[in-house]
Engineer: 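Structure in structure tokens, see below.
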Amino acid sequence: MAKEITNRTENYSQWYNDLVIKAGLADNSAVRGCMVIKPYGYAIWEKIQAALDKMFKDTGHSNAYFPLFIPKSFFSKEASHVEGFAKECAVVTHYRLKNDPNGKGIVVDEDAKLEEELIVRPTSETIIWNTYRGWIQSYRDLPLLINQWANVVRWEMRTRLFLRTTEFLWQEGHTAHATQEEALEETYKMVNVYADFAENFMAVPVIKGVKTANERFAGAIDTLCIEALMQDGKALQSGTSHFLGQNFAKAFDVKFTNKEGKPDYVWASSWGVSTRLMGALIMAHSDDNGLVLPPKLAPIQVVIVPIFHKEEQLTLISEKVLPLKKQLETRGISVQFDNRDNLKPGFKFAEHELKGIPVRIAIGPRDIESNTLEIARRDTLEKKTVSVDNIEDYIVTLLDDIQSNIFQKALKFREESTYKADTYEEFKQLLEKGGFIYAHWDGTPETETLIKDETKATIRCIPFDNPLEEGKCIRTGKPSTQRVLFARSY
RNA sequence: CGGGGUGUAGUACAGUUGGUAGUAUGCCUGGUUUGGGACCAGGAGGUCGUCGGUUCGAGUCCGGCCACCCCGACCA
């Protein structure tokens, strides 16, 4: 195992990359821009999936699965949607290969050209709404609350592990409603679910808000989002929930008969989070020693390291550890007993820190004698010797404490990195420090684009419950009624 | 896709004026070790990113391509 990861301050991107690879989360693959998610990384994703899936089901949604391929013609049915995705679509044109008649290798069989090309889904609104047409006739068929766990492909120019890969895993919810109010309510409900998940499971504080027209999803009336702040002062859009109006219903002719017996188009929402959340998780909490995982998403919450000289000592320790492991497991804690005999404790400590295991227990001859354990917490790196008595309660409390501590730490960082700018000069200076900046904006897409071109900062969102306040746009000096949230972003 | 950099053992790197590849670490075996990344001895492991060119001879020189990293444009 490689030992060193780059310091955060030295090179933040390199640190992130080192962390992902050395902690065994993911690797680059033989395919450009596509990653291999390794078992440890995938275990974290499975925890994320499990928690979210429960939240979706608790709010009345069901899972289904739609095809990977979408007929090309579907995309042109919703004008702004095709415009948004056209430049990043992978296209299937043939269905057969053959031996190269001119020599070595294999070539595409030109005789096997598809009548209509298939698009590898970049998102599934079109295929799903085309399907919904057949599912919805009456208001009694509504609401339709469907989620799918899937992979999607977006042919991005530049990729980074988890943060932006050509293929990524996500969930996408697609709901259909009889009224605008109901669809809007759903859109807000799901962004709140995302915020709840981010803060209570990932321990990442987020700001909920609505996107400006420039940043809106292709085909949406409104896009709601959660925005998180990373340790380098850049924002990361961590989840989006779109109010689609009747756009897709009209594009795919999905009508229903309402209570009054009159035909109407169906109202829609869609919402998604992706493996990008893994990036947020990694960047929000980790340090120069490696990952720091929130206990609620850590595949292994407690690791037990025996300290021993001879095999008999290990046997003795094991007799003590195995019941302890069971006790902890009955309290719902995942425990690993690291009894490898070819590695020294110090090596194991470093490795478990790299992997971000929240709690480490060391037990050696000294502890056996005094009926104690050495407990080390990953978030603060503090070590403490405690009595074995009531250890389960102690660990349960400690895990809760770590969960809330890393959230508080991230929240404190965000608060200390959130500023107000009243002039453009001040705004530009603050951007160099990184962080969230509240500033006045005249409300036009042109000014937003201008600011983006000049400073690389974008409006992350207009936060919900944003206080109204008279002011002047930092760029144009035109009147503004509220400050909006700016940042440089991933 | 543009600018810069890199590509040699699982990993990180060295390799001189072109002469047929080495160091560390990891791995395997044996022994001594084990409370913060152990040590000794022996051993295995490389079509030098790829394709082509120059040459008696290419890791080394030239060209194409590919991949990765950093900085932009694009984006969840």
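Proteins get letters first, then strands, A, B, ... in listed order; numbering begins at 1 in each. Values below: every heavy atom of this structure, side chains too, minus hydrogens, waters and symmetry copies.
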Engineer: What's the shortest heavy-atom distance between A/H285 and A/V204, and which atoms?
Structural biologist: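 Smallest heavy-atom distance, with atoms named: NE2-CG2, 3.7 Å.
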Engineer: If you look at every strand shown and take non-hydrogen atoms under 4.0 Å, does A/P365 touch a base, only sugar-phosphate, or nothing?
Structural biologist: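 Here A/P365 touches the bases of the nucleic acid.
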Engineer: My understanding is that a pair needs two contacts under 3.5 Å, Watson-Crick or G-U wobble. By that rule, which nucleotide pairs with B/rG42?
Structural biologist: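 The answer is B/rC28, by the H-bond criterion.
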Engineer: Can you measure A/E382 atom CD to B/rG36 atom P for me and round it to whole angstrom units?
Structural biologist: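 Result: 18 Å.
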Engineer: Applying a 4.0 Å non-hydrogen cut-off, can you work out what A/R360 is touching in the nucleic acid: base, sugar-phosphate, or nothing?
Structural biologist: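 Touches a base.
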Engineer: Counting only heavy atoms not in A/K72 (residues, nucleotides, ligands), do more than 12 fall under 6.0 Å from its NZ?
Structural biologist: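 No, because the 6.0 Å sphere around NZ of A/K72 holds 12 heavy atoms or fewer from other groups.
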Engineer: Does B/rC48 pair with anything, Watson-Crick or G-U wobble, both distances under 3.5 Å, and if so, with which nucleotide?
Structural biologist: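 Here B/rC48 is not engaged in any pair, so there is no nucleotide opposite it.
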Engineer: Identify the pairs formed between an N or O of the protein and an N or O of nucleotides 69-75 of chain B at a distance under 3.5 Å, and give each distance.
Structural biologist:
{"from": "B/rC71", "atom 1": "OP2", "to": "A/R158", "atom 2": "NH2", "distance (Å)": "2.7"}
{"from": "B/rG72", "atom 1": "N7", "to": "A/R158", "atom 2": "NH1", "distance (Å)": "3.4"}
{"from": "B/rC74", "atom 1": "O2", "to": "A/E156", "atom 2": "OE1", "distance (Å)": "3.3"}
{"from": "B/rC75", "atom 1": "O2'", "to": "A/E156", "atom 2": "OE2", "distance (Å)": "2.9"}
{"from": "B/rC75", "atom 1": "O2", "to": "A/R164", "atom 2": "NE", "distance (Å)": "2.5"}
{"from": "B/rC75", "atom 1": "N3", "to": "A/R164", "atom 2": "NE", "distance (Å)": "3.4"}
{"from": "B/rC75", "atom 1": "N3", "to": "A/R164", "atom 2": "NH2", "distance (Å)": "3.1"}

Engineer: Hey, does A/T240 reach any base, or is it just sugar-phosphate, or nothing, if we go heavy atoms under 4.0 Å?
Structural biologist: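 No contact at all - A/T240 keeps every heavy atom at 4.0 Å or more from the nucleic acid.
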Engineer: Which sits closer to the 5' end of RNA chain B, A/I363 or A/R216, going by the nucleotide each is nearest to?
Structural biologist: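 The residue mapped nearer the 5' terminus is A/I363.
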Engineer: Could you verify whether a donor N or O on one side chain and an acceptor N or O on the other, from A/R378 and A/N289, lie under 3.5 Å apart?
Structural biologist: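 A/R378 vs A/N289: no donor-acceptor pair found between side chains.
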Engineer: Categorize A/L343 for me: base, sugar-phosphate, or nothing, with a 4.0 angstrom heavy-atom threshold over every strand shown.
Structural biologist: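 The answer is base, as A/L343 lies within the cut-off (heavy atoms under 4.0 Å) of a base atom.
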Engineer: Which atom pair, heavy atoms only, marks the closest approach of A/H174 to A/S270?
Structural biologist: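 Heavy-atom minimum between the residues: ND1-CB, 3.6 Å.
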Engineer: Once you apply the 3.5 Å cut-off to both distances, tell me the Watson-Crick or G-U wobble partner of B/rU20, or none.
Structural biologist: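 WC or wobble partner does not exist here.
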Engineer: Once you apply a heavy-atom cut-off of 4.0 Å, does A/K383 come out as touching a base, just sugar-phosphate, or nothing?
Structural biologist: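 If one applies the 4.0 Å heavy-atom cut-off, A/K383 turns out to touch a base.
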Engineer: When we call it a touch if two heavy atoms are under 4.0 Å apart, what does A/E353 touch: a base, just sugar-phosphate, or nothing?
Structural biologist: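 Base contact - A/E353 has a heavy atom under 4.0 Å of at least one base atom.
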Engineer: Does atom CD (A/E46) have a neighbourhood of more than 12 heavy atoms from anything else shown, all under 6.0 Å?
Structural biologist: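 Correct, the count exceeds 12.
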Engineer: Tell me what A/F168 touches on the nucleic acid: a base, only sugar-phosphate, or nothing, going by heavy atoms under 4.0 Å.
Structural biologist: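 Touches a base.
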Engineer: B/rG37 C1' sits how many Å from A/K22 NZ, rounded?
Structural biologist: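 So the NZ-C1' distance, A/K22 to B/rG37, works out to 14 Å.
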Engineer: Relative to each other, are the rings of A/F248 and A/H81 parallel, tilted or perpendicular (30° and 60° limits)?
Structural biologist: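 The rings of A/F248 and A/H81 stand perpendicular, inter-plane angle above 60°.
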Engineer: Both distances below 3.5 Å, Watson-Crick or wobble geometry, any strand: find the nucleotide opposite B/rU60.
Structural biologist: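 Partner of B/rU60: none found under 3.5 Å.
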Engineer: Could you tell me how far apart A/M35 (CE) and B/rA67 (P) are, to the nearest whole angstrom?
Structural biologist: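 Those two atoms, CE and P, are 18 Å apart.
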Engineer: Let me know, please, whether A/F308 or A/L236 comes out on the 5' side of the other along RNA chain B by nearest nucleotide.
Structural biologist: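 It is A/F308 whose nearest nucleotide is closer to the 5' end.
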Engineer: Is any side-chain N or O of A/K344 closer than 4.0 Å to OP1 or OP2 of B/rG35?
Structural biologist: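 For B/rG35, OP1 or OP2 has a side-chain N or O of A/K344 closer than 4.0 Å.
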Engineer: Using Watson-Crick or G-U wobble geometry with both distances under 3.5 Å, which nucleotide pairs with B/rC68?
Structural biologist: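 Pairing partner, where one exists within any strand: B/rG5.
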Engineer: Could you tell me if A/K296 sits above the aromatic ring of A/F201, with its cationic atom closer than 6.0 Å to the ring centre and no more than 45 degrees from the axis?
Structural biologist: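 Cation-pi check for A/K296 and A/F201: passes.
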